[in-house]
Amino acid sequence: MSHAAYDRRYWEDRYAGRGEGHGEGRHESGTAWAGETNPQLSIETADLVPGTALDAGCGTGTDALWLAGKGWHVTAVDIAENALETARARAEALGGPAADRVRWQREDLTTWDPPIGGHDLVYSHYVHTDAPYADLYRRLAAAVAPGGTLLVVGHHPHDRHGDAPHADHHDTHLTAQEVAELLDPRLWKVYTAEVRARTVTVHGGREVTLHDAVLRARRRG
Ligand SMILES: C[S@@+](CC[C@H](N)C(=O)[O-])C[C@H]1O[C@@H](n2cnc3c(N)ncnc32)[C@H](O)[C@@H]1O
């Protein structure tokens, strides 16, 4: 099955606890949905010097707040006001300088142009929009400052054949190579383009294997 629309209404409903994704699989451990930092983010940013970051499709803000805790100044955008409401409340509860380092912004990534060269890190994790991904990732890549990093994590097509909660969301899968091919090699050096398997526990205690497509590239300075 594929979904007709990953539009604003779909995501607002999902964050309001309505519609598809409300049951098993919604809060798999080891993911930002469950309030845990996505592991590919901590692995891939470990050697970066904090600067400005864009979290494109930030959801309820787990990864944006983690980046801010590491010293990044984060612009965190999402289409769903319901997600941002939760994110703002979490930031407020956290308090302190890290919370102040995140600016929450409602934007539709299918039409919004982030400032060209505006961020040292542009990050997008498990974002499936209502529009072709190539256009989105090209615009996100353009938002990376010279010397900065693009980090994209998606669901690898291997997940179509497993028991991942998103297995039947055929239009959301992509490989890191597909994203890498959008980048002009004269402007970009690709550091990571691979698939990584990891095990998470979904609601109800069942263990499932996810395959993350991980693309990390540096814009030549
Ligand atoms: C599967 S969630 C991932 C959230 C978070 N990055 C994570 O890793 O847990 C996808 C997110 O992308 C957001 N999103 C989907 N389409 C969008 C769009 N067109 N513009 C902005 N955000 C969008 C959704 O609202 C949702 O928060």
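Every number for a ligand or one of its atoms is a count from 1 in the order of the listing.
- Checked for salt-bridge contact, Asp63 and Arg90 miss the test: no charged N lies under 4.0 Å from a carboxylate O.
- Of all the atoms in ligand 1, the ones that sit under 4.0 Å from a non-hydrogen atom of Asp108 are 18 (C), 19 (N), 20 (N).
- Of the N and O atoms on the side chains of Thr62 and Glu36, not one donor lies less than 3.5 Å from an acceptor on the other residue.
- Using modelled atom types and a 3.5 Å distance limit, the side chains of Thr110 and Asp130 yield no donor-acceptor pair.
- With distances taken over non-hydrogen atoms, the option nearest atom 25 (O) of ligand 1 out of Val153, Asp78, Asp130 is Asp78.
- Other residues, nucleotides and ligands place more than 12 heavy atoms under 6.0 Å from the CZ atom of Arg106.
- The one candidate from Arg198, His156, Arg196 that meets the side-chain hydrogen bond (donor to acceptor under 3.5 Å, both in side chains) condition with Asp212 is Arg198.
- Identified under the ring-ring contact (aromatic ring centres under 6.0 Å, His included) test for residues 43-82, with sequence neighbours left out: none.
- The shortest N or O to N or O distance between Val77 and ligand 1 is not below 3.5 Å.
- Numbered from 1 in the order shown, with element, the atoms of ligand 1 that lie under 4.0 Å from a heavy atom of Asn38 read 7 (C), 8 (O).
- Close contacts of ligand 1 with Glu107, meaning ligand atoms under 4.0 Å from a residue heavy atom, involve 20 (N), 21 (C).
- Interface atoms of ligand 1 facing His128, defined by a heavy-atom separation under 4.0 Å, are 15 (C), 16 (N).
- Remark: the His128 side chain and the Tyr126 side chain contain no N/O donor-acceptor pair separated by less than 3.5 Å.
- Here is the list of ligand 1 atoms found below 4.0 Å of a heavy atom in Tyr126: 1 (C), 2 (S), 3 (C), 10 (C).
- Between Cys58 and ligand 1, no pair of N/O atoms sits closer than 3.5 Å.
- Only the side chain of Tyr15 comes within 4.0 Å of ligand 1, counting heavy atoms alone; its backbone N, CA, C and O stay farther away.
- When non-hydrogen atoms are compared, ligand 1 lies under 4.0 Å from neither the backbone nor the side chain of Arg8.
- Counting non-hydrogen atoms of other residues, nucleotides and ligands closer than 6.0 Å to CZ of Arg103 gives a total of 12 or fewer.
- Distances between N or O atoms of His125 and those of ligand 1 include at least one value under 3.5 Å.
- Every atom of ligand 1 is numbered from 1 in the order shown, and the set under 4.0 Å from a heavy atom of Gly59 is 27 (O).
- Note: no N/O pair closer than 3.5 Å links Ala83 and ligand 1 by distance alone.
- Taking every heavy atom of Thr110 and a limit of under 4.0 angstrom, the matching atoms of ligand 1 come to 19 (N).
- Looking at heavy atoms from C-beta onward, Val214 lies in side-chain contact with Leu151 at the 4.5 angstrom threshold.
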